[in-house]
Amino acid sequence: MKIKLIRKFLEYVYNNYVGNFLGFVIGMASTRLVSHYFTTRSIRNLWGLTAHKTVVDKHTYNTMEWVISIVIGFIVFEIVSKWLKKKLHTMLPKNKYTQWLMETDEPAAPAGTTAANNNTNAA
């Protein structure tokens, strides 16, 4: 019973926090995309007169950072929660230390028996 509880807890943590965390980290790192293409007016660029990037209002700049981080973070979250989990699900049973994560609750059938044999014995 204790192993099942630990397994359920680890599955919950894995399912919820891995995708969320990676999506958050990549989303926050993607705000550099906005700073690569846009800038705001400041004393550094003489209020936009010497800027080599597109000059936008500070409010617009902050809004673009938020939107880009949310969109890219959501895309990464979906990729992790759909594609990566399927890949890890197929890879986990190969490792002897993670086989207990893949155990099912159904009891194993005795060796040499099939579903047809079990049905004929029950009748």
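Bear in mind the structure is a predicted one, so any value in this text is a computation, not a measurement.
To the nearest 0.5 Å, atoms CD1 (I70) and CZ (F24) are separated by 11.0 Å. The CD1 atom of I79 sits 11.0 Å away from the CG atom of L22 when rounded to the nearest 0.5 Å.
Sorted by first and then second residue, the salt bridge (Lys or Arg N to Asp or Glu O under 4.0 Å) pairs with a member in residues 67-79 read E78-K82; sequence neighbours excluded.
Cluster annotation: I72 is not connected to F77 through the hydrophobic network of ILVMFWY side chains, with a link wherever side-chain heavy atoms come within less than 4.5 Å. Both V67 and I75 are part of a single hydrophobic cluster, where members link through side-chain heavy atoms under 4.5 Å apart.
Minimum interatomic distance between V34 and Y61 (heavy atoms only, all atoms of both residues): CG1-CE1, 3.7 Å. The shortest heavy-atom contact between S69 and T31 is CB-CG2, 3.7 Å.
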Please tabulate, for the side chains in residues 49-58, all donor-acceptor contacts under 3.5 angstrom to protein atoms that are two or more places apart in sequence or on a different chain.
unit_1, atom_1, unit_2, atom_2, d
T50, OG1, N45, O, 3.0
K53, NZ, S35, O, 2.8

